[in-house]
Amino acid sequence: MRAAAELAVEAVALRGGAVRSRIATLRSQAPLMLRLTHPKGPEPWTRLGDGAARVCLAAGAAGPIGGDAYALDIQVGDGSTLVLREISASLLLPGPLGGQSTLHTTVRVGAGATLVWLPEPMIAARGCHHLTDVQVDLAAGARLVLREELLLGRHGEQPGDVVARLRIRLDGRPLLHQDLALGPAAVGWNSAAVTGGRRALGSLVVVDPAWADDPPPATLVGDTAAVLPLPGPAALVSALADDALQLRACMDAGLALLTASSEDRRPGVAS
Amino acid sequence: MTGETTAALLLLADGRLPAGGHAHSGGLEPSVAADRVRDVASLETFLRGRAMTSGLLAAAFSASACAAVLAGANGRLGVLEEELDARQPSPVLRQTSRKLGRQLVRAMRVIRPHDCWVGLGRSPHHPIVLGAAAAVSGLRPCAAALAAVHDAVAGPATAAVRLLGLDPFATHAALARLGPLLDAIAADAERYADADPAHLPAGSAPLLDLAAEHHATWEVRLFAS
């Protein structure tokens, strides 16, 4: 199955100087269904009634299964704010012909714009063969929260093959480039160098121009989780855990640490 | 690789090259402390994982830097520096790579004087210096990649003998078994020699990143990283 979905948000100036973020494009194609929503849970940086656009991605069909090719394009216009979440976790399944499933996501966040993107975990079921590729282009002064969680197999299950690629550029220069290959086809993936047998992996990137070239300090969040300052106004929470709950606790702790500290530096913004 | 340059490759890949590499365990010391590596079998698995991730990353960047210096395109090295920074989320590992790079430049300035050492900056990343060193030694990108991926496993293997008291013969037997994998990784890395630096592999290894951050907080340690 092939599917392409598109989402674009732009800032609209209201009387009195306030700014509301308007959905300019909302194009869904099953199984990538985009829906306008109310806040799903606590959100960093934004508050209800602050004019942010809120959208959830829902699965309109099973998948991705091997052979599927999905494309998602997200444009957050200058000065606008988008909170993008997901209704449920996605289950990566093998296809009937053994082909690879792919999800290519392209994201552009304009000057002074904010994207808070909190998808639910991807679960790599036995025999899956999947590539997820996320390319993010941030303009100077853009803010980003991006979470990615990967669970290796359902309960008691050996995972299939997954490649997760993430590339973030800030003002045209590379900020973070990750390329994680896991599963039986990736030699040494289960070793003490890569996962050490842990079944849940996550990363959470926060880019905040308020940090300028002074990102938050490296902080250990646990035995296998840490806040890692990146070469730029950004930090990565990298975590390995035994299960989804432990992983989410690490992600939440890291997110609280990173978004709280940036609000402290922003006088006049109530938390 | 012709017969004329094989000796140059051996010189560059020799653990006795006075560039400070012996002080680093490549993440093995914290992995031993966490009981994730405890014998020859778990060491070999660790080395396979390291070769496929950090090893491929270093090999691809070394091959690319080697090709850039051979082509006289030294300006490309700055782009490679930025791309390598983006692929190392751990600040401790970025710092370690720059420290090893600085030490290798210092050694190479005397071992093989060349113009490229001047424009490399104060602390260039190790794989980039290794690639440049290969080029000025008359080696091709495939040799640079092989030296890099060999370096990625030989250091931790030697460290394992000291940290765990493993049988050095058994440890080297594990290295010998890794040979075909290292050759395959070097061949894969060579394909990136002339590629757009944005397309070079990243070889993420989350546990190595986290282990490096933990290790840096220890008060007493045998190895620098």
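The structure displayed is predicted, hence computed values, not measured ones. Each chain gets a letter, A, B and so on, in the order the sequences are listed, and its residues count up from 1.
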Next on the checklist: Working to the nearest 0.5 angstrom, can you tell me the gap between B:His24 NE2 and B:Leu100 CG?
Outcome noted: 4.0 Å
Next on the checklist: I'd like to know if the side chain of B:Ser97 and the backbone of B:Leu93 have a donor-acceptor N/O pair within less than 3.5 Å.
Outcome noted: no
Item to check | Criterion side-chain hydrogen bond (donor to acceptor under 3.5 Å, both in side chains) against B:Ser123, the qualifying member of B:Lys99, B:Gln95, B:Arg102, B:Glu81 | outcome: B:Arg102
Item to check | Interatomic distance, A:Leu131 atom CG to A:Asp133 atom CG [nearest 0.5 angstrom] | outcome: 5.5 Å
Checklist outcome for this item: The interface call for A:Leu201 against chain B, heavy-atom contacts under 4.5 Å, is side chain
Item to check | Interchain contact, A:Leu175 with chain B, by part (heavy-atom threshold 4.5 Å) | outcome: backbone
Next on the checklist: Between A:His130 (side chain only) and A:Ser101 (backbone N and O only), is there a donor and an acceptor less than 3.5 Å apart?
Outcome noted: yes
Checklist entry - Heavy-atom distance under 4.5 Å to chain A: side chain of B:Leu57, backbone, both or neither? => result neither
Next on the checklist: Less than 4.5 Å to any heavy atom of chain B: does that hold for the side chain of A:Thr224, its backbone, both, or neither?
Outcome noted: both
Next on the checklist: Using a 3.5 Å distance criterion without hydrogens, assess whether the side chain of A:Trp211 forms a donor-acceptor pair with backbone atoms of A:Ala234.
Outcome noted: no
Checklist entry - When heavy-atom pairs shorter than 4.5 Å are enumerated against chain B, which of A:Val187, A:Asn190, A:Leu236 gives the highest number? => result A:Val187
Checklist entry - Checking A:Gln178 side chain against B:Ser204 main chain: does a donor-acceptor pair fall under 3.5 Å? => result no
Checklist entry - At a heavy-atom separation under 4.5 Å, does A:Leu176 approach chain B through its side chain, its backbone, both, or neither? => result both
Checklist entry - Contact part of A:Arg169 toward chain B, heavy-atom cut-off under 4.5 Å: side chain, backbone, both or neither? => result neither
Checklist entry - Have B:His214 and A:Asp223 got a donor and an acceptor in their side chains that come within less than 3.5 Å? => result no
Checklist outcome for this item: Ranked by heavy-atom pairs below 4.5 Å to chain A, first place among B:Gly49, B:Ser42, B:Ala86 goes to B:Ala86
Checklist entry - What part of B:Ala51 is in contact with chain A, defined as an atom under 4.5 angstrom from a non-hydrogen atom: side chain, backbone, both or neither? => result neither
Checklist entry - What part of A:Ala225 is in contact with chain B, defined as an atom under 4.5 angstrom from a non-hydrogen atom: side chain, backbone, both or neither? => result backbone
Next on the checklist: Heavy-atom pairs under 4.5 Å with chain A - which of B:Pro89, B:Ser31, B:Ala205 has more of them than the others?
Outcome noted: B:Pro89
Checklist outcome for this item: dist A:Ser238:OG -> B:Asp209:CG (nearest 0.5 Å) comes out at 6.0 Å
Next on the checklist: Between A:Ala181 and chain B, with a heavy-atom cut-off of 4.5 Å, which part of the residue counts as in contact: side chain, backbone, both or neither?
Outcome noted: neither
Next on the checklist: Using a 4.5 angstrom heavy-atom cutoff, name the option from B:Gln88, B:Arg94, B:Arg50, B:Glu44 with the most pairs to chain A.
Outcome noted: B:Arg94
